[in-house]
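Have a look at the structure below, then the notes.
For clarity, every value in this text was computed on a predicted model and none was experimentally measured. These numbers come from the heavy atoms of this one structure, side chains and all, not from hydrogens, waters or symmetry mates. Throughout, a chain's letter reflects where its sequence line sits, starting with A, and its residues are numbered from 1.
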Amino acid sequence: MMENNFFEKVYQVARQIPHGKVTTYGAIGQYLRSPKSARMVGWALNKSIQKNVPAHRVVNKQGLLTGKYHFDGVTLMEQLLENEGVAVKTIKFKRWKFTFGTLTKN
DNA sequence: CACATGACTGGAT
DNA sequence: AATCCAGCCATGT
């Protein structure tokens, strides 16, 4: 039990992402006071696949689903997002034209 | 300890 | 816009 605080925090933050919204690895890193640790966030999410974490709501800053290859199928991540009302196609073409998560930094 | 890798990002070319 | 490079840091070999 009890992963390192860093991973645990990543999981908790990810679980705070509202249904139908997404955020970026960097945003989570900033939230954890580690803006340069975006890669570690992705690493943590990779290990969270079998946990209760909506990892599909985390995309890279370009709005690309860079983590889709870590899901059951390469289309699962996109399907999950589309199912929540997130226009993945729009994300790809209009970087910031999508609904970002409501993560706040306090 | 040295080196490589990775669900990233920002800046330079 | 596309590519490259450097910084970042946990893990594995």
Euclidean distance, atom [atom1] of residue [X] to atom [atom2] of [N] [Å, nearest integer]:
X     : N      : atom1 : atom2 : value
A/M40 : C/dT11 : CE    : C1'   : 9 Å
A/F6  : C/dC8  : CZ    : P     : 14 Å
A/L64 : C/dA1  : CG    : P     : 12 Å
A/N46 : C/dC9  : CG    : C1'   : 16 Å
A/Q62 : C/dA1  : CD    : P     : 10 Å

Subject >> Partner residues of A/E82 under the salt bridge (charged side-chain N to carboxylate O under 4.0 Å, His left out) criterion, sequence neighbours left out >> reply: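 Listed in chain order: nothing, the list is empty.
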**OP:** Using the test salt bridge (charged side-chain N to carboxylate O under 4.0 Å, His left out), find all partners of A/R39 that sit at least two apart in sequence or belong to another chain.
**Re:**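 Once residues adjacent in sequence are excluded, A/R39 has no partner under the salt bridge (charged side-chain N to carboxylate O under 4.0 Å, His left out) criterion.
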Subject >> Derivation and outcome, side-chain contact (heavy atoms from CB on, under 4.5 Å), residues A/T66 and A/Y25 >> reply: CA-CA 11 Å; A/T66 51; A/Y25 303 94; 3.7 Å; yes
**OP:** Using a heavy-atom cut-off of under 4.0 Å over every strand shown, decide if A/A55 touches base, sugar-phosphate, or nothing.
**Re:**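 The answer is base, as A/A55 lies within the cut-off (heavy atoms under 4.0 Å) of a base atom.
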**OP:** Report yes if a donor N or O on one partner sits less than 3.5 Å from an acceptor N or O on the other, where the partners are the side chain of A/R39 and the base of C/dC8; otherwise report no.
**Re:**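 It does, because a donor-acceptor pair links the side chain of A/R39 to the base of C/dC8 below 3.5 Å.
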**OP:** Indicate yes or no for a side-chain donor-acceptor contact from A/Y11 to the backbone of A/A44 under 3.5 Å, with no hydrogens or angles considered.
**Re:**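 Looks like yes, one N/O pair under 3.5 Å.
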Original post:
What are the bounds, 5' to 3', of the part of DNA chain B that sits under 4.0 Å from heavy atoms of chain A?
Top reply: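 Taking any atom under 4.0 Å from a heavy atom of chain A, the span is B/dT5 to B/dG10.
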Original post:
Is there a donor-acceptor contact under 3.5 Å linking the side chains of A/E78 and A/H56?
Top reply: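 The criterion, which ignores hydrogens and geometry beyond distance, is not satisfied for A/H56 and A/E78.
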**OP:** Could you state whether A/L81 and A/L76 fall into the same hydrophobic cluster, counting links through intermediate Ile, Leu, Val, Met, Phe, Trp or Tyr residues with side-chain heavy atoms under 4.5 angstrom apart?
**Re:**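 In one cluster with A/L81: A/L76, yes.
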